[in-house]
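What follows is a single structure, written as structure tokens, with notes after it.
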Amino acid sequence: MLAVVFIAVSTRLLTLREMAVFALYNSMCALQAVICSMGLLTTATRNLPALMGRDDEDGAARLLRSAMTINAMISAVVASVLAVAARPLSLYFLGDPSYAPALRWAALAVFAWNLFEANQIFLVSLQKFADYARATVTCAVAQRILSLGLFLALRKTDYALVGYLAGFAAGSVIGLVRGFRPVRELASRPVGFEPLGALLRYSLPFYGDGYLRYLYMQADQLIIAVFLPPEVLALYFVAKRFIQYYQQAVASVIDPLLAKVGELRARGSVAVEGSLRSASRYFELIFLPMAAGTAAMSALLLDAAGGERYLGATPVLALLSLSVALYAGFNLVTGYVYMLGVPSDRLRYNMVTGISQAVLMALLLGLATLLGAPPLMAATGIALARLGSLLTGLLFAHRQLHRYITPAYDAATLPRVLAASGLLFAAAGIPQLFFYGPALATAGGAAGAGLFVLAIRPAIRGEDFDLLAEVLHGRMAWMQRLARRVLGG
């Protein structure tokens, strides 16, 4: 909720070009994380828990020190290059050298964020989840308060945007300090470093995999920054923020599920296939209506997030929203492949998905250029390429999964969920094709939600509420009771 309020305030304070600078900062964060990690952060994620589990604290300290030092050194070099190149970057991406000071602070903010994110990965690897949560909240709150506070304090000067980005840099440093203690305690052991050559050779496949994953997760925004006007980048960036929140929701469901798959693997393929069938049912019930509802309400969401200036990105958000369902299915199937298969499987499905996204983006962007389409229509093509690449990756991963089990999905629930989600989309979205107004969109959304509930009720089982009761207890038990009352059972 904090992130949603923050972006809604930011869109009303910043011009489209200033928002494009913030979008560039966001893109640089993602790209620098891939460049600077050298695959070492993934190595730490995979190996630190095992080393700590064997009480090999010296081995864990060597790995931690090596990964942390190399990541920080390369990140400092990359941030310095970005800062030095701020003027030509400002000219290329924004067509105006006056944004160079802001881009220099963006480079500093990227460096600080990279250090914070690496520390968060180390905390998870060391299973310091409470420290991870506290640092995450501290960083998020500090970044948003400081960035908005500095922007408003400097609003009547030429340094308001600089203050906005400086707030993000300071917030990342505060979050790093908040969560650094457990990492420092282990890294301070006088044990030296891992042999660099062997460590880099081991991490190289993870490094390549990081670039492939970047292709289908983040490259769309960078492509728009390179080939389309900065105003279009700002519109696309705000639209994609909604999808990133849903991606976090998918991750929160996938992570505990895969831990359970690791346990079931020892019981044989029948148990694993049963878990996949059950998981697919809940993915259908959650993410299909979520995708349909967000796609139908895209205009209202953008209106709330940024006002009338951002309504032009409605087709972009609609397509990105529909990709949420494919993204959830892709993560479900690839998660099972990852848990049941060999490490090279992950490289293959990420390669297929990443390359298909690159090819589709090139084709659709080239077609838009050939036809002389408006820049925003070209950005819509980029969103369509994301949808197509996720579908390609999902189908490929399904074939991979056949090598280990016979994939069994909940085919009985899917038709009803699709029909109910279709009703939701039609009732909420079709009237807006002819006329948009906040009141009409809200009424259509309410009607669509009501039709969805009526259509989905026959598919709901008593065991669904039992599972919900296990997840929602204590202060959240009211949500389970409300769901039972609305959906029946």
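All residue numbers refer to positions in the sequence shown, counting from 1. These figures come from a predicted structure and were not determined experimentally.
- The two residues Ala107 and Ala83 make their nearest non-hydrogen contact at CB-N, 3.8 Å.
- Surrounding CE of Met377 are at most 12 heavy atoms belonging to other residues, nucleotides or ligands under 6.0 Å away.
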Val337 and Phe396: CA distance, side-chain angles, deciding distance, side-chain contact (heavy atoms from CB on, under 4.5 Å) verdict:
CA-CA 11 Å; Val337 173; Phe396 180 80; over 6 Å; no
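- Here the side chain of Arg17 pairs a donor or acceptor atom with the backbone of Leu94 at under 3.5 angstrom.
- Using a 4.5 Å heavy-atom cutoff, the side chains of Asn71 and Leu40 are not in contact.
- Between Leu365 and Ile223 there is a side-chain heavy-atom pair separated by less than 4.5 Å.
- A donor-acceptor distance shorter than 3.5 angstrom exists from the side chain of Arg309 to the backbone of Thr11, with no hydrogens or angles considered.
- For the atom pair His398 NE2 and Thr334 OG1, the distance stands at 13.5 Å (nearest 0.5 Å).
- When side chains are defined from C-beta on, Leu276 counts as touching Ile405, because their heavy atoms get closer than 4.5 Å.
- The number of heavy atoms from other shown groups lying within 6.0 Å of CZ (Arg87) does not exceed 12.
- Counting only N and O atoms by type, the side chains of Gln218 and Ser27 include no donor and acceptor under 3.5 Å apart.
- Using the six-membered ring where Trp is involved, Phe287 and Phe283 have ring planes that are tilted, between 30° and 60° apart.
- Shown here is Arg399, whose CZ atom has no more than 12 heavy atoms of other residues, nucleotides or ligands within 6.0 Å.
- Note that the CZ atom of Arg62 and the CZ atom of Arg189 stand 10.0 Å from one another [nearest 0.5 Å].
- Contact annotation: the side chain of Glu18 never approaches that of Tyr164 to less than 4.5 Å [non-hydrogen atoms, C-beta and beyond].
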Step by step, work out the side-chain contact (heavy atoms from CB on, under 4.5 Å) result for Asp345 and Arg403.
CA-CA 11 Å; Asp345 286 333; Arg403 294 162 54 188; 3.3 Å; yes
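- In plain terms, the two heavy atoms of Pro315 and Gly312 that are nearest each other are CD-O, 3.5 Å.
- Exactly one of Phe116, Phe111, Phe22 qualifies for a ring-ring contact (aromatic ring centres under 6.0 Å, His included) with Phe168. That residue is Phe22.
- Val21 is not listed as a side-chain neighbour of Tyr25, based on a closest heavy-atom distance of 4.5 Å or more.
- With hydrogens and angles ignored, the 3.5 Å screen pairs no side-chain donor or acceptor of Thr138 with any backbone N or O of Ala135.
- For the pair Arg213 (side chain) and Met351 (backbone), a donor-acceptor distance under 3.5 Å is absent.
- The closest side-chain donor-acceptor pair between Tyr246 and Ser321, if any, does not fall under 3.5 angstrom.
- Ring pair Tyr211/Tyr207: centre-to-centre distance below 6.0 Å.
- For the atom pair Phe151 CZ and Leu165 CG, the distance stands at 10.5 Å (nearest 0.5 Å).
- Of the inter-residue distances, the one linking Met38 atom CE with Met73 atom CE reads 11.5 Å to the nearest 0.5 angstrom.
- Remark: side-chain polar atoms of Ser203 are not paired, donor with acceptor, to backbone N or O of Leu200 under 3.5 angstrom.
- A 4.5 Å side-chain heavy-atom check between Gln357 and Thr353 finds every atom pair outside the cut-off.
- No donor-acceptor distance shorter than 3.5 angstrom exists from the side chain of Asn119 to the backbone of Leu115, with no hydrogens or angles considered.
- Phe180 has its side chain out of reach of Val177: every pair of non-hydrogen atoms, C-beta onward, lies at least 4.5 Å apart.
- Taking all atoms of both residues into account, the shortest heavy-atom contact from Val191 to Ala61 is CG2-CB, 3.6 Å.
- Residue Leu161 comes nearest to Ala102 through the heavy atom pair CD2-CB, 3.8 Å, listed as atom of the first residue, atom of the second, then distance.
- Leu24 approaches Phe93 most closely through the heavy-atom pair CD1-CB, 3.8 Å.
- Between Lys240 atom NZ and Ile243 atom CD1 the span is 9.5 Å, to the nearest 0.5 Å.
- Between the CD atom of Gln221 and the CG atom of Leu233 there is a distance of 6.0 Å, given to the nearest 0.5 Å.
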Check step by step if side-chain contact (heavy atoms from CB on, under 4.5 Å) holds for Val110 and Val78.
CA-CA 10 Å; Val110 168; Val78 173; over 6 Å; no
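- Nearest heavy-atom pair across Pro375 and Leu228 is O-CD1, 3.7 Å.
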Run the side chain to side chain donor-acceptor pair (under 3.5 Å) check on Gln32 and Ser75 step by step: do they pass?
CA-CA 7 Å; Gln32 184 168 7; Ser75 183; 2.9 Å; yes
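- In this structure the side chain of Ile224 reaches within 4.5 angstrom of the side chain of Ile382, judged on heavy atoms.
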Give the C-alpha distance, both sets of side-chain angles, the deciding distance and a yes or no for side-chain contact (heavy atoms from CB on, under 4.5 Å) between Leu148 and Phe6.
CA-CA 9 Å; Leu148 291 177; Phe6 172 76; 3.7 Å; yes
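- Atom OH of Tyr159 has 12 or fewer neighbouring heavy atoms from other residues, nucleotides or ligands inside a 6.0 Å radius.
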